[in-house]
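Below: one structure, written as structure tokens.
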Amino acid sequence: MSDGGTVRILGIAGSLRRGSLNAATLRAAQQLAPAGLTIESFDIAPIPLYNEDVRQQGFPPPVEDLRARIKAAHGLLFVTPEYNYSIPGVLKNAIDWASRPPEQPFDGKPIGVMGASMGTHGTSRAQYHLRQCFIFLNGLVMTIPEVMIPQAQNKFAADGTLNDQATRDFIAAHLAALKAWVLRLK
Ligand SMILES: Cc1cc2nc3c(=O)[nH]c(=O)nc-3n(C[C@H](O)[C@H](O)[C@H](O)COP(=O)(O)O)c2cc1C
């Protein structure tokens with residue numbers, strides 16, 4: 001790595017709401033990151049709805065910013081909610097914008113995936129849809145360990161602190177593996 005060996009990850013949570021459990025998971029990941037790995041968070045809220053007519057006039061500034069940050073990062077971490085067994089439209093919309101040519105920035109990028117839901121499957125179905133998107137884009141999504149956080153409403157305090165030790169351990173293990181995944185693909 002060019003900056004003293006630190007692995008720089010761009011983290012994207014797929015929910016816009018203030019009390020998002022997935023945004024809280026991303027914040028927990030930032031705190032649980034192993035030595036030598038940092039996670040910068042990107043807010044997808046300013047990204048407009050995809051419109052090919054708009055793209056043909058140039059990427060809107062928030063999309064330019066997202067594309068530049070993806071390119072500059074050594075790897076990505078998506079923390080996705082599950083909406084109707086898939087990923088939320090806001091997250092798909094951000095990926096769709098970023099993926100447009102030239103030089104789509106997901107190509108060859110190491111990627112980790114996590115998710116928190118109020119249901120019993122911890123976003124498993126959304127995560128597999130997200131993985132499917134990155135087949136076309138040649139994003140290199142790490143296979144295991146997976147982090148699927150079910151009934152997440154019972155695992156976070158009102159201020160968003162992740163209280164559940166087992167979940168903290170799963171996140172830490174995922175991040176250690178993501179660091180190794182980035183270094184392996186370097
Ligand atoms: C439109 C919509 C669809 C949802 N579908 C699912 C679902 O398929 N599976 C599930 O476990 N939870 C589902 N939920 C509940 C989410 O798990 C819950 O709202 C969660 O807190 C969303 O993530 P966030 O806290 O990061 O915003 C759905 C919620 C919404 C708003």
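Atoms within a ligand are numbered from 1 in the order they appear, just like the ligands themselves.
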* Asked: Is it true that Asp96 and Arg100 have a side-chain N and a carboxylate O under 4.0 angstrom from each other?
  -> no

[X]: salt bridge (charged side-chain N to carboxylate O under 4.0 Å, His left out) partners, not counting sequence neighbours:
X: Glu64; answer: none
X: Asp169; answer: none
X: Arg27; answer: none

* Report the distance from atom CD1 of Ile87 to atom OH of Tyr128, rounding to the nearest 0.5 Å. => 15.0 Å

* To do: Any chance you could measure Glu82, atom CD, to His121, atom NE2, to the nearest 0.5 Å?
  => 8.5 Å

* Per-ligand residue contacts, ligand 1, heavy-atom threshold under 4.0 Å -> Ser15, Arg17, Ser20, Leu21, Asn22, Pro81, Glu82, Tyr83, Asn84, Tyr85, Ser117, Met118, Gly119

